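To start, the structure under review is shown below, and the notes come after it.
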Amino acid sequence: MLLKCKTKKYNYRKLPTTSVIIAFYNEAWSTLLRTIHSVLETSPAVLLKELILVDDYSDRIYLKSQLEEYISNLQRVRLIRTNKREGLVRARLIGATFSTGEVLTFLDCHCECVTGWLEPLLERIRENETAILCPVIDTIDWNTFAFYMQTGEPMIGGFDWRLTFQWHSVPEHERNRRKSRIDPIRSPTMAGGLFAVSKKYFEYLGTYDTGMEVWGGENLELSFRVWQCQGSLEIHPCSHVGHVFPKRAPYARPNFLQNTVRAAEVWMDEYKVHFYYRNPPAKKVMNYKTPVFGDILRSLQWNSMIFYSGVISLSVSWSLLGGNEHNQ
C-alpha cells in the first residue's frame, strides 16, 4: 500500500455510515468467518452500521444452528436466510432491503479486508454521491491462503465483445488526469464482487437488474448503467481487500449468456452488433423483447453507448475490444 495512503487522515464525523452485505451459499466455515472477522476488526465502529449476512439457501449443516450460535456473540452482525435459491444478485438485494447505513458495501464471502480499506471508499462517496467505488482486489492464494498485496499501480476493468470482464493497465491519459497517486482511478467496468455505493444513488439507478439470473454479466450491466446515467465508476488505490479465487465458484453461471444478451439489448445500442458478431450463440437467446427493465432509460437522464465509448477511450483503447472487426 502507498505510504500516502497509510498517513492520510480522515474526518470520521463527516463520513457516511455503511452496511456491509455478504451473500453466501455453502461457503466454507473458515473462509466465511475470516471474512466476517476481517470486516469487524478493520472497520471503525463509528462507520460500520451493521454486517448483514444473507444465506442463499445453503444446505451445509454447519451453516445452520452452529452459525447462528456463533454470530449471536458478535455485535452488529445479522443473519438473514432466503426461503429458496435466489442467486447472488437477488440475495444481495434482500440484504440491502434490511440495511440502515447510508452506503451499501457489497463483499464476497471469501475476503480479507485490510486495515484502512473502508475510509477511502466512504470519503469518496461523500465527495461524489454518484460514484461507485471499488477497492483494489488483492489475491489470497487458494492453496496456502497467503495474502499477496498489490504494491504497484492497480488495474482497471474492461471487457471483450463477448461481454466477459477483463483487466487492463491504467492508460497514460488517466494517469495524467489524476493529481496524486492516491486519487481514485476511473474504470470503465468493475469485477462486481466488491464495491460500495450510496444507498440513495443505488436506488435511483434501479438497484440491480433482478432479471439477471444467479450471477454473471450483472457487473457489466451495472457498469454500463452507471456511466450512461450520469455516474462514475472508480477504483481507490488506498482501499485494499484480499480475495480468494476458488477453483470452483460456489454459484454456477448457467444463465451467463442470457444475462449478457439482456445487458447488450438494454444498454449497447448500435454497438450490440459487435456482441452478436463475436458471440454467435447469443443470437439463439435474443428472440425475446427488450426487458421491461429497459424502461429505466426513459426514467433517468441517460447517455447513449456512444457516450460510453468515450469513457472507454479515456481508459482502455477501444480498438482492443475489436470494435472495427465486424466491418472488416
Side-chain angles (χ1 to χ4, degrees), residues 1-23 35-53 75-78 92-93 95-108 111-138 149-150 154 156-157 178-187 190-205 207-208 222-223 226 230-243:
M1 185 182 296
L2 297 171
L3 179 60
K4 286 187 177 180
C5 293
K6 296 180 179 180
T7 58
K8 183 174 173 57
K9 304 297 182 182
Y10 298 92
N11 188 338
Y12 287 86
R13 291 179 296 178
K14 291 187 176 181
L15 295 182
T17 60
T18 189
S19 298
V20 175
I21 299 168
I22 299 173
T35 305
I36 293 170
H37 281 284
S38 78
V39 171
L40 295 177
E41 293 170 11
T42 61
S43 305
V46 69
L47 301 179
L48 181 62
K49 196 77 172 181
E50 68 227 336
L51 170 55
I52 299 174
L53 302 173
Q75 294 183 345
R76 290 170 295 158
V77 180
R78 182 175 185 180
R92 284 183 162 185
L93 286 179
T97 61
F98 289 92
S99 66
T100 59
E102 299 165 271
V103 171
L104 303 175
T105 301
F106 296 101
L107 296 179
D108 281 344
C111 293
E112 181 175 333
C113 302
V114 176
T115 299
W117 74 282
L118 185 58
E119 294 93 320
L121 306 180
L122 299 182
E123 182 184 61
R124 179 56 180 155
I125 290 173
R126 183 184 67 83
E127 295 171 349
N128 180 4
E129 191 179 39
T130 64
I132 291 184
L133 270 293
C134 302
V136 177
I137 303 176
D138 297 315
M149 180 177 288
Q150 294 187 45
I156 60 174
R178 298 161 63 222
K179 297 178 181 179
S180 168
R181 291 183 65 195
I182 66 172
D183 285 345
I185 305 168
R186 294 185 298 182
S187 181
M190 63 176 170
L194 324 174
F195 69 94
V197 57
S198 158
K199 185 177 182 180
K200 180 180 178 181
Y201 182 60
F202 193 53
E203 291 173 347
Y204 165 78
L205 284 175
T207 72
Y208 274 118
L222 186 56
S223 300
V226 169
Q230 315 297 322
S232 63
L233 183 59
E234 302 172 355
I235 296 173
H236 205 301
C238 291
S239 176
H240 282 253
V241 177
H243 185 273

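Because the structure is predicted, anything quoted here is derived from the model rather than measured.
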Test item: [X] and [Y] side chains (from C-beta on) under 4.5 Å apart, heavy atoms:
| X | Y | answer |
| --- | --- | --- |
| Leu3 | Thr7 | yes |
| Glu102 | Lys199 | no |
| Ile22 | Ile52 | no |
| Val136 | Val241 | no |
| Arg186 | Ser232 | no |

Review point. How are the rings of Tyr12 and Tyr10 set to each other: parallel, tilted or perpendicular (split at 30° and 60°)?
Key: perpendicular
Review point. Relative to the ring of Tyr208, is the ring of Phe202 parallel (under 30°), tilted (30 to 60°) or perpendicular (over 60°)?
Key: perpendicular
Exercise for review: Begin with the C-alpha distance, continue with both residues' side-chain angles, and end with the deciding distance and a verdict on side chain to side chain contact (heavy atoms under 4.5 Å, CB included) for Trp117 and Leu107.
Suggested key: CA-CA 12 Å; Trp117 74 282; Leu107 296 179; 4.1 Å; yes
Check your understanding: Can we say Arg124 and Glu234 salt-bridge, meaning some charged N sits less than 4.0 Å from an Asp/Glu carboxylate O?
Key ->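 Yes, this pair counts.
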Review point. Any ion pair linking Lys8 and Glu123 (charged N to carboxylate O, less than 4.0 Å)?
Key: yes
For the backbone of [Y] and the side chain of [X], can you confirm whether one donor and one acceptor N or O come within less than 3.5 Å of each other?
| X | Y | answer |
| --- | --- | --- |
| Asn128 | Ile125 | no |
| Ser19 | Ser99 | no |
| Ser38 | Cys113 | yes |
| Arg76 | Leu48 | yes |
| Thr17 | Gly101 | no |
| Asp138 | Gln150 | yes |

Which atom pair, heavy atoms only, marks the closest approach of [X] to [Y]?
| X | Y | value |
| --- | --- | --- |
| Phe98 | Glu50 | O-OE2, 4.1 Å |
| Ser239 | Pro120 | N-CG, 4.2 Å |
| Val103 | Ala196 | CG1-CB, 4.0 Å |
| Ser223 | Leu233 | OG-CD2, 3.5 Å |
| Pro135 | Ile235 | O-CG2, 4.1 Å |
| Tyr201 | Val226 | OH-O, 3.9 Å |

Exercise for review: For Arg181 and Lys4, run side chain to side chain contact (heavy atoms under 4.5 Å, CB included): C-alpha distance rounded to whole Å, both residues' side-chain angles, the deciding distance at 0.1 Å, then the answer.
Suggested key: CA-CA 8 Å; Arg181 291 183 65 195; Lys4 286 187 177 180; 6.0 Å; no
Rounded at 0.5 Å granularity, tell me how far [atom1] in [X] sits from [atom2] in [Y].
| X | Y | atom1 | atom2 | answer |
| --- | --- | --- | --- | --- |
| Arg13 | Leu47 | CZ | CG | 13.0 Å |
| Leu122 | Leu133 | CG | CG | 8.5 Å |
| Ser43 | Leu118 | OG | CG | 5.0 Å |
| Met190 | Ile156 | CE | CD1 | 14.5 Å |

Check whether the side chains of [X] and [Y] place a donor and an acceptor atom closer than 3.5 Å, and report yes or no.
| X | Y | result |
| --- | --- | --- |
| Thr115 | Thr42 | no |
| Glu112 | Thr35 | no |
| Lys49 | Thr18 | no |
| His243 | Asp108 | yes |
| Ser198 | Glu129 | yes |

Point to revise | Neighbour count above 12 (heavy atom, 6.0 Å) for Gln75 CD | key: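 Open.
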**Study point:** Enclosure of Arg178 CZ (heavy-atom neighbours >12, cutoff 6.0 Å)
**Key:**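 Yes, the 6.0 Å shell around CZ holds more than 12 heavy atoms from other groups.
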Point to revise | Worked verdict on Val114 versus Met149 for side chain to side chain contact (heavy atoms under 4.5 Å, CB included) | key: CA-CA 10 Å; Val114 176; Met149 180 177 288; 3.8 Å; yes
Exercise for review: Assess whether side chain to side chain contact (heavy atoms under 4.5 Å, CB included) is satisfied between Phe195 and Leu222, documenting all intermediate values.
Suggested key: CA-CA 11 Å; Phe195 69 94; Leu222 186 56; 4.0 Å; yes
